[in-house]
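Here is the structure we will look at.
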Number of protein chains: 2
Amino acid sequence: MPITLKEIAKQAGISISSVSLVLNNKPNRISEQTKELIKKIAEENQYRPNTIARSLVTRQTKTLGLIIPDIENIFFSKLAKILEIEVRKEGYTLIIVNSNDKFSEDLLLIDLLISRGVDGLFLAISNESYLHEEELVEKLTKLPIPFVMIDRILESFECNKVYFDNITGAYLATKYLLEQGHRKISCVCNTYISKNSLSRINGYKKAMDEYKIKVPKEYIIPANYRVEGGYLAGEQILKTDCTAIFVCNDMMTLGVIKKFYECGIHVPDDYSIVSYDNLLSDFLFGIKLSSVDQDINELGISSWKVLKDCLVSDDQKRESIPQDICLSPKLIIR
Amino acid sequence: MPITLKEIAKQAGISISSVSLVLNNKPNRISEQTKELIKKIAEENQYRPNTIARSLVTRQTKTLGLIIPDIENIFFSKLAKILEIEVRKEGYTLIIVNSNDKFSEDLLLIDLLISRGVDGLFLAISNESYLHEEELVEKLTKLPIPFVMIDRILESFECNKVYFDNITGAYLATKYLLEQGHRKISCVCNTYISKNSLSRINGYKKAMDEYKIKVPKEYIIPANYRVEGGYLAGEQILKTDCTAIFVCNDMMTLGVIKKFYECGIHVPDDYSIVSYDNLLSDFLFGIKLSSVDQDINELGISSWKVLKDCLVSDDQKRESIPQDICLSPKLIIR
DNA sequence: CAGAGATGATAAAACGTTTTATCAACGTGG
DNA sequence: CCACGTTGATAAAACGTTTTATCATCTCTG
């Protein structure tokens with residue numbers, strides 16, 4: 001059992017208050033002599049303050065929660081990493097939890113973290129939660145702590161949010177293919193529930209519109225956002241007459257290329273592809289893949305800045321208007 | 001501010017004790033009527049126990065710590081995921097922190113988590129920590145809570161540990177290449193500090209020994225464990241006359257293949273490769289890569305079982321002998 | 001109707017901190 | 001020598017729980 005303030009006080013023959021004051025460098029009028037004695041005893045016994053007890057009275061745990069849909073997804077593990085680094089610089093600890101892209105888990109984990117006494121929350125909601133927007137908004141509205149939505153946001157809900165401009169990203173990607181001379185461009189995208197994917201489709205359509213190209217129905221190919229989805233999408237693509245493809249994320253791109261490879265079809269000789277996420281540079285050989293890059297570090301750093309603002313003074317917490325930060329993706333041409 | 005036991009008690013006109021007893025389903029002799037009243041008030045006000053306060057008296061936080069070297073590394077993010085799922089089933093919360101493969105961070109994070117009051121610790125140490133084994137052992141020996149070392153273990157230190165048999169893994173891989181008729185087999189491995197890598201080299205040598213093959217010095221090619229390392233190793237390989245390669249992890253394999261690709265060399269036509277980790281199936285096209293598979297789920301589940309044993313009864317905690325669990329990897333042939 | 005047992009509930013200490021108001025003792029200036 | 005400022009330090013409440021020993025009150029039973 002670790003040593004407590006009480007025991008230090010006893011050993012030094014003084015009061016608990018004095019020990020606390022000195023060890024926390026709080027303004028006090030303890031003599032230099034006593035100070036040194038206290039510090040010596042604390043040092044010798046490896047005193048570590050009991051964070052639990054401290055939290056009970058200060059009403060803050062210096063702990064933050066992060067809810068992500070899938071820690072195995074490199075996008076989110078990168079996000080978790082940068083957030084962990086950043087918040088720790090400020091003396092906070094991050095609790096990372098996985099919702100497994102389930103709405104019910106989002107709800108449950110919010111409660112769990114609140115009950116754990118986190119001071120604030122980073123929230124990248126599951127895709128499933130978009131099907132229960134109302135319920136989620138109700139929950140978030142009565143949250144007793146500040147929070148910021150990351151990447152997966154609710155457009156119509158006013159709250160702190162940091163995210164990427166998916167429309168522009170997709171627009172840039174599609175426009176690049178158009179500028180390369182392509183006119184028959186298909187789009188592989190998760191059309192089921194992912195809001196971000198829908199935005200990407202809109203960006204794609206916007207670019208096509210500008211070139212007065214009417215998009216045939218079969219050019220928009222739905223797929224889940226995993227490799228298998230891309231693989232299946234690859235089959236569909238072959239049935240169209242397109243010459244270029246905009247794929248809405250890297251995992252699906254892998255699937256598409258895999259299918260193509262098996263069919264003896266080469267990228268970029270037979271098809272031009274622009275992907276999304278720019279996370280594949282280590283994995284593809286000989287295939288120079290252009291991709292829309294989202295600066296995850298910036299996403300993390302901005303999110304922390306937003307949340308930190310809410311944390312500094314709980315007086316303002318209530319009044320301060322929520323921040324809405326939209327980051328611009330870049331097209332990386334290879 | 002959330003509702004407390006005290007307030008429920010006041011509203012119901014009874015004592016705090018009664019409320020606590022009822023809400024925790026502790027053996028009590030409160031009348032059904034009162035019980036219902038308490039539950040109703042708690043429900044209506046969305047009572048959530050203050051975990052902080054509870055922890056202060058029960059002396060357990062139902063929180064565990066996990067220290068990993070790199071959350072971006074898919075091996076560790078998979079591990080984190082399975083652990084998080086498993087411990088949550090038992091009502092625990094996992095705090096995941098990153099050491100960035102730094103010894104100093106290992107030390108610091110241990111203190112951080114202890115001070116956070118975690119009940120137990122999962123520890124996958126940084127490679128750098130192997131250079132400071134003595135110091136680390138000293139720290140771990142005086143840890144006030146149970147812990148289990150995962151994957152990255154200290155061989156000569158008696159403590160709970162769950163890990164893979166790296167010698168056998170490498171042995172199987174090398175033997176497979178030998179059985180395929182190869183005799184000139186090189187080995188790409190991190191020889192600097194990674195203990196697991198050294199074991200793999202030993203497994204490799206063991207297989208070569210069995211076939212009475214003397215391994216030329218230049219066949220053992222040192223590399224860091226990242227893609228760049230593999231890329232550089234690729235250059236070295238080309239200077240040898242080997243026909244097959246055992247690469248000690250998947251990231252380096254990617255690097256090797258990348259280098260080869262740039263040189264117009266084909267796998268497996270020009271070189272046979274067996275890799276380690278079996279994490280690349282989604283990323284390689286047309287290259288059927290045999291690889292040593294480590295069951296990360298089993299690693300996580302076993303580790304949790306070991307730690308859980310220490311958590312159940314703190315009477316035994318001191319006396320129980322540490323568990324040493326060695327898992328066997330499998331060779332996946334493609 | 002006395003004593004015993006059952007029933008329903010509670011008082012109070014404890015966990016380890018933080019923080020503010022208060023206290024005693026000691027100069028010092030007028 | 002009185003009043004006052006300074007110095008060094010502390011007492012005590014508070015945070016929200018858990019848990020055990022204890023307390024009334026009631027109801028049987030012989």
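Chain identifiers are assigned alphabetically (A, B, ...) following the order of the sequence lines, protein sequences preceding nucleic acid strands; residue numbering begins at 1 within each chain. As a basis for the values below, the full set of heavy atoms in this structure was taken, side chains included, without hydrogen atoms, waters or symmetry mates.
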Phosphate-side-chain proximity, Ser18(A) and dG8(D), N/O vs OP1/OP2 below 4.0 Å: no
Check against salt bridge (charged side-chain N to carboxylate O under 4.0 Å, His left out), Glu36(B) and Lys39(B): CA-CA 5 Å; Glu36(B) 270 172 38; Lys39(B) 285 179 180 167; over 6 Å; no
What nucleic acid atoms does [X] come within less than 4.0 Å of, heavy atoms only: base, sugar-phosphate, or nothing?
| X | result |
| --- | --- |
| Thr51(A) | nothing |
| Ser17(A) | base |
| Ser31(B) | sugar-phosphate |
| Asn28(B) | nothing |
| Arg54(A) | sugar-phosphate |
| Ser20(A) | base |

Report, one line per pair, each donor and acceptor closer than 3.5 Å where one atom sits in a side chain of residues 106-118 of chain A; sequence neighbours left out.
residue: Asp106(A); atom: OD2; partner: Ser126(A); partner atom: N; Å: 2.9
residue: Asp106(A); atom: OD2; partner: Ser126(A); partner atom: OG; Å: 2.9
residue: Asp106(A); atom: OD2; partner: Ser129(A); partner atom: OG; Å: 2.6
residue: Asp111(A); atom: OD1; partner: Lys139(A); partner atom: NZ; Å: 2.9
residue: Asp111(A); atom: OD2; partner: Lys139(A); partner atom: NZ; Å: 3.2
residue: Ser115(A); atom: OG; partner: Thr51(B); partner atom: OG1; Å: 2.8
residue: Arg116(A); atom: NE; partner: Thr93(B); partner atom: OG1; Å: 3.1
residue: Arg116(A); atom: NH2; partner: Thr61(B); partner atom: O; Å: 3.4
residue: Arg116(A); atom: NH2; partner: Lys62(B); partner atom: O; Å: 2.4
residue: Arg116(A); atom: NH2; partner: Thr93(B); partner atom: OG1; Å: 2.9

Which residue lies more 5' along DNA chain D, comparing Lys26(B) with Asn50(B) via nearest heavy atoms: Asn50(B)
Glu72(B) atom CD: more than 12 heavy-atom contacts under 6.0 Å: yes
Boundaries of the chain B footprint along DNA chain C (any atom under 4.0 Å from a heavy atom): dT7(C) to dG16(C)
Asp324(B) and Tyr163(B) side chains, donor-acceptor separation under 3.5 Å: yes
Flag for Ser31(B)-Thr34(B): side-chain donor and acceptor within less than 3.5 Å: yes
Heavy-atom donor-acceptor pair, Asn24(B) side chain to Lys26(B) backbone, under 3.5 Å: no
Closest-nucleotide ordering on DNA chain C, the 5'-leading residue of Leu21(A) and Leu56(B): Leu56(B)
